[in-house]
Amino acid sequence: QVQLVESGGGLVRPGGSLRLSCAASGNSFSVYFMGWYRQGPGKEREFVAGVSETGRKSYADSVKGRFTISRDNANNTVYLQMNSLKLEDTADYYCYLGGLYNKWGQGTQVTVSS
């Protein structure tokens with residue numbers, strides 16, 4: 001059974017950085033879309049960043065220039081480097097595996113606070 005395990009969340013001050021990781025167990029997922037979504041307090045889950053099977057990357061406007069998504073296909077891992085964090089980036093961050101799997105991770109909490 002496919003599992004997605006996120007790590008790297010935590011508490012950080014505004015302007016700080018964090019790197020989230022999502023490790024997928026099982027077969028190679030290089031042919032599938034992988035992405036990050038987030039759900040802030042009292043908000044709906046929203047798209048943050050994604051990387052297609054061809055390596056094409058996409059970002060929400062709110063994180064462009066601050067966040068960078070990358071994937072390591074050899075290790076079935078996707079990363080989200082988050083720089084210049086803002087208070088409004090506070091949320092639970094979820095990894096997503098697309099295609100036939102349509103699988104969500106359990107989430108990792110990111111809190112930006114002074």
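Because only heavy atoms are used, hydrogens play no part in the values below, and waters and symmetry mates are left out as well, while side chains stay in. This structure is a prediction, so every number in the text was calculated from the model and none was measured.
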Next item on the list: Using a 4.5 Å cut-off on heavy atoms from C-beta on, say whether the side chain of Ser113 contacts that of Leu11.
Entry: yes
Checklist line | Nearest atoms (heavy-atom pairs only) where Ser114 meets Pro14 | finding: N-CD, 3.8 Å
Note to self: Any non-hydrogen side-chain atom of Gln81 less than 4.5 Å from a side-chain atom of Phe67?
What the structure shows: no
Notebook entry, point to check: Any donor-acceptor pair under 3.5 Å linking the side chain of Thr77 with the backbone of Asn75?
Noted result: yes
Next item on the list: Measure the shortest side-chain to side-chain distance between Arg38 and Lys43 over non-hydrogen atoms and say whether it is less than 4.5 angstrom.
Entry: no
Check: For Cys22 and Met34, which heavy atoms make the closest approach, and how far apart are they?
Finding: SG-CE, 4.4 Å
Checklist line | Distance (rounded to the nearest 0.5 Å) between Asp89 CG and Thr111 OG1 | finding: 11.0 Å
Next item on the list: Measure from the ring center of Trp104 to the ring center of Tyr96 and say whether it is less than 6.0 Å.
Entry: yes
Checklist line | Ser17 and Asn83 side chains, donor-acceptor separation under 3.5 Å | finding: yes
Check: Does a donor on one side chain sit under 3.5 Å from an acceptor on the other, for Arg45 and Tyr37?
Finding: no
Next item on the list: Evaluate the side-chain proximity of Asp72 to Tyr79: yes if any heavy-atom separation is below 4.5 Å, no if none is.
Entry: yes
Item checked: Least distance between heavy atoms, Tyr59 atom then Ala49 atom -> CD2-CB, 3.6 Å
Note to self: Would a single hydrophobic cluster contain both Tyr94 and Tyr32, if residues Ile, Leu, Val, Met, Phe, Trp and Tyr are joined by side-chain heavy-atom contacts under 4.5 Å?
What the structure shows: no
Next item on the list: Please report the closest heavy-atom contact between Tyr93 and Glu6, naming both atoms and the distance.
Entry: O-OE2, 3.8 Å
Item checked: Test item: Leu4 and Leu97 side chains (from C-beta on) under 4.5 Å apart, heavy atoms -> yes
Check: Is there a donor-acceptor contact under 3.5 Å from the side chain of Thr108 to the main chain of Gly9?
Finding: yes
Checklist line | Min side-chain heavy-atom separation Trp36-Ile69 under 4.5 Å | finding: yes
Check: Rounded to the nearest 0.5 Å, what separation is found between the CG atom of Leu20 and the OG atom of Ser7?
Finding: 8.0 Å
Notebook entry, point to check: Can you get from Val2 to Leu100 by hopping between Ile, Leu, Val, Met, Phe, Trp and Tyr side chains that sit under 4.5 Å apart?
Noted result: yes
Checklist line | Sidechain N-carboxylate O distance under 4.0 Å for Lys64, Asp61 | finding: yes
Check: With distance as the sole criterion, is a donor-acceptor pair present between the side chains of Thr54 and Ser52 under 3.5 Å?
Finding: yes
Next item on the list: State whether the side chain of Thr90 and the backbone N or O of Val112 hold a donor-acceptor pair below 3.5 Å, judged by distance alone.
Entry: yes
Checklist line | pair Val78-Val51: side-chain heavy atoms closer than 4.5 Å | finding: yes
Note to self: Does Arg66 form a side chain to side chain contact (heavy atoms under 4.5 Å, CB included) with Lys86? I'd like the steps, not just the answer.
What the structure shows: CA-CA 10 Å; Arg66 300 188 297 121; Lys86 303 177 180 180; 3.7 Å; yes
Notebook entry, point to check: Roughly how far apart are Arg71 CZ and Leu80 CG, rounded to 0.5 Å?
Noted result: 13.5 Å
Next item on the list: Taking the side chain as every heavy atom from C-beta outward, state whether Met82 and Val110 have any atom pair closer than 4.5 Å.
Entry: yes
Check: Is Gln3 atom CD crowded by more than 12 heavy atoms from other residues, nucleotides or ligands, each under 6.0 Å away?
Finding: no
